[in-house]
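Working notes, beginning with the structure itself.
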Amino acid sequence: SDDRLGLVASFREPWVRCQLRFPADCLGKVIQWISTLRAEQEDLQYEGEDQVSLSLALPLLELLNCNLQGRLLSMCSGYAAVEMLGDSSE
């Protein structure tokens, strides 16, 4: 009989969803930066003339390594917000 303990049948990388809000004039910089991450853009909406809402799904490890909120705030001169929406079914 095969008594190997701890054998893992499968592994799924945890993904999270988040929503970024920032000024519309930062959109090009933000999209360019997001394209360097292992992230999937889910939705992009303009909220009025000068505000953008961008929904993303990305691996939890990528989120932890990329300093998402700090980088976004830096690119948008402090006018940005990140809202965590929960886990993703990726």
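In this structure, CH2 on Trp15 lies 8.5 Å from CD on Glu62, to the nearest 0.5 angstrom. Here the CD atom belonging to Gln69 is positioned 12.0 Å from the OG atom belonging to Ser74, to the nearest 0.5 angstrom. Note that CG of Leu68 and CG of Leu58 are 7.0 Å apart. Values are rounded to the nearest 0.5 Å. Going from atom CD of Gln45 over to atom OG of Ser53 covers 6.0 Å, rounded to the nearest 0.5 Å. Once rounded to the nearest 0.5 Å, the distance linking CG of Leu85 with SG of Cys18 reads 7.0 Å. One finds the CG atom of Leu44 at 9.0 Å from the OG atom of Ser55 (value rounded to the nearest 0.5 Å).
Salt bridge annotation for Arg17-Glu83: absent, with no cationic side-chain nitrogen under 4.0 angstrom from a carboxylate oxygen.
Summarising the geometry of Ala80 relative to Leu72, their closest heavy-atom pair is CB-CG, 3.6 Å, with the distance given to 0.1 Å.
In terms of hydrophobic clustering, with Ile, Leu, Val, Met, Phe, Trp and Tyr side chains grouped at heavy-atom distances under 4.5 Å, Leu60 and Leu20 are assigned to a common cluster. Residues Val82 and Leu54 are members of one and the same hydrophobic cluster, defined by side-chain heavy-atom contacts under 4.5 angstrom among Ile, Leu, Val, Met, Phe, Trp and Tyr.
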If you look only at distance, which donor and acceptor atoms sit under 3.5 Å apart when one is on a side chain in residues 23-37 and the other is two or more places apart or in another chain?
unit_1, atom_1, unit_2, atom_2, d
Lys29, NZ, Met75, O, 2.9
Ser35, OG, Gln32, O, 2.6
Thr36, OG1, Trp33, O, 2.6

